[in-house]
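Shown next, in structure tokens, is the structure this report addresses.
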2 protein chains.
Amino acid sequence: MTVPSGRRERKKAATRQKIADTALRLFLERGYDAVGIRDVAAEADVAVTTLFSHFASKEALVFERDDDFEQRLTQAATGRAPHEPLIPALRREIQALVRHCTADSAAPIWRLIDESPALREYEESMRLRHAESLATAIAADPGLPQTTTACRTIARFAIDAYSLAREAADPEAAVDEIFQMIEAAWAVTCPTRRA
Amino acid sequence: MTVPSGRRERKKAATRQKIADTALRLFLERGYDAVGIRDVAAEADVAVTTLFSHFASKEALVFERDDDFEQRLTQAATGRAPHEPLIPALRREIQALVRHCTADSAAPIWRLIDESPALREYEESMRLRHAESLATAIAADPGLPQTTTACRTIARFAIDAYSLAREAADPEAAVDEIFQMIEAAWAVTCPTRRA
DNA sequence: AACATAACACTAACCGTTAGGGTTTAAGAA
DNA sequence: TTCTTAAACCCTAACGGTTAGTGTTATGTT
């Protein structure tokens, strides 16, 4: 089984994209609850079963790019410059992510999410997955002597910062405020060391 | 509308309890996914619509007592002894809650939850609700000069402690470890003050 | 060319949930 | 007591997300 990047892969990706685009458009036009899976499938000109072979659930249609989020997060931890401390690197990335999703262009999508309990719940459990990935990435760093619990805790805290900041009146200031707290929390886990 | 604690209320509570008990029994006997709402309703001898007038969803049947959890949490914050600092009070309560749900008698229920994605997801969003309640309770304390963001952050962190500790190899040690971090995080939000 | 299989389609169903509309019964007013 | 109101409950039917079963097409491989 060689690297298959041929027509088949391109077609599959195109189908997936068409479904996602159609879904988002319909959701924004008519509202999430007012659009059924059968509507999306019909408008994207695919069978319902095809739709579900690309997306695990209706909610997943809205969070199509969540892999990016996870990757950026873990990259911020594992791919940082040598000797750059962990927390500031996380802070920078989360600041960027918050800026990205509080931008005006993203507002309609987040309004969609905020108004649908199903989407909010889905996003919450997505965040836990992200926190777990981040925790694994942090724990994998041999330069950090922290316990597993400490790593998982800091990962959760970082995701909390993202989530809380997004809802705050001044998101960027909130990130800074919360990361001061996280910095302090992290400091107590490495007994004798300067920042 | 006077205090109505009459026969009607008792019957209603009895019905609710019978449904919850029946549901839990069936779930433990056959597994959460293998038992349908119609099964539970039939076994409890009520109509499906009645079941849903007592519980908002199938998952809610399992977390019947979640109000208790929320109350204990907010009580720990608002009802603590005068001049008792917030964080130790929270730590005590969460330690107790963790002990309570890692007890052997609770093991089958938590196995049920762990094995069902739907239940896990539900519990996650429940925790967020609890965190919000706790945040409100903390913010209502006039003795605490913290910002809203700081209060919401600490509330989240406390809930994280509960959630992470439950999954840790040594839950009680994990609570202690995480609360040292929380204590530090809280300390930086009240500039010049002793513990 | 022949084959294996990934991607897709169609139908029908399952299951949680809700709407619509009716019956009983407790609680309070007359 | 009797009457009235509304809460609690019941039943049927449906809606909408999701999946199983089965078949078709098109792509990459031998």
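Keep in mind that this is a model prediction, so the values were computed, not measured. Atoms considered below: every heavy atom in the structure, side chains included; atoms not considered: hydrogens, waters and symmetry mates. Protein chains get the first letters and strands the later ones, always in sequence-line order, with residue 1 at the start of each.
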- request: Confirm from the modelled atom types if A/Thr49 and C/dC10 form a donor-acceptor pair under 3.5 Å, side chain to base only.
  value: yes

task: Return the value, rounded to whole Å, for the distance between atom NZ of A/Lys11 and atom C1' of D/dT27.
output: 8 Å

task: Ignoring backbone atoms, establish whether B/His54 has a side-chain N or O less than 4.0 Å from OP1 or OP2 of D/dA8.
output: no

message: Under the rule for salt bridge (Lys or Arg N to Asp or Glu O under 4.0 Å), what residues qualify as partners of B/Asp21, not counting sequence neighbours?
response: none

task: Respond yes when some side-chain nitrogen or oxygen of A/Ser53 is under 4.0 Å from OP1 or OP2 of C/dA7, and no when none is.
output: no

task: Not counting sequence neighbours, which residues clear side-chain contact (heavy atoms from CB on, under 4.5 Å) with A/Glu172? List them please.
output: A/Gln95, A/Arg99, A/Asp170

- prompt: In whole angstroms, how far is the P atom of D/dA8 from the CZ atom of B/Phe52?
  reply: 18 Å

query: Got a sec, which residues hit salt bridge (Lys or Arg N to Asp or Glu O under 4.0 Å) with A/Glu124, two or more places apart in sequence or on another chain?
result: none

field: Strand contacts (DNA chain D) in residues 116-127 of chain B, 4.0 angstrom heavy-atom criterion
entry: none

task: Decide if the gap between the ring center of B/Phe69 and the ring center of B/Tyr162 is smaller than 6.0 angstrom.
output: yes

- prompt: Within this structure, what is the CZ-to-P distance between B/Arg16 and D/dA7, rounded to whole angstrom?
  reply: 18 Å

- request: Under the side chain to side chain donor-acceptor pair (under 3.5 Å) rule, what do B/Arg156 and A/Ser163 come out as? Steps first, then yes or no, please.
  value: CA-CA 10 Å; B/Arg156 286 273 188 118; A/Ser163 154; 2.9 Å; yes

- prompt: Just how far, in rounded Å, is P of D/dA26 from NZ of A/Lys12?
  reply: 18 Å

- request: List for me each residue that meets salt bridge (Lys or Arg N to Asp or Glu O under 4.0 Å) alongside A/Asp66, sequence neighbours excluded, and say none if there are none.
  value: A/Arg129

field: DNA chain D-proximal residues of residues 32-48 of chain B, any heavy atom under 4.0 Å
entry: B/Arg38, B/Asp45, B/Val46, B/Ala47

field: With B/Asp104 via salt bridge (Lys or Arg N to Asp or Glu O under 4.0 Å) - residues at least two apart
entry: none

message: Going by the rule side-chain hydrogen bond (donor to acceptor under 3.5 Å, both in side chains), which residues pair with B/Arg16 if we only count those two or more places apart in sequence or in a different chain?
response: none

field: Rounded interatomic separation in angstrom, taking CZ from B/Arg7 and C1' from C/dG28
entry: 14 Å

Could you list the donor-acceptor pairs under 3.5 angstrom formed between side-chain atoms of residues 28-36 of chain A and any protein atom two or more places apart in sequence or on another chain?
residue : atom : partner : partner atom : Å
A/Glu29 : OE2  : A/Arg25 : NH1          : 3.3
A/Tyr32 : OH   : A/Glu59 : N            : 3.3
A/Tyr32 : OH   : A/Glu59 : OE2          : 3.4

query: Once you round it to whole Å, what is the distance between P of D/dA7 and CZ of B/Arg10?
result: 19 Å

Presence of donor-acceptor pair under 3.5 Å, side chain of B/Arg8 and base of C/dT25: yes

- prompt: Quick one: B/Glu9 CD to C/dT25 C1', roughly how many Å, whole number?
  reply: 15 Å

task: Take atom CD1 of A/Ile19 and atom P of C/dC8, then tell me their distance rounded to the nearest Å.
output: 7 Å

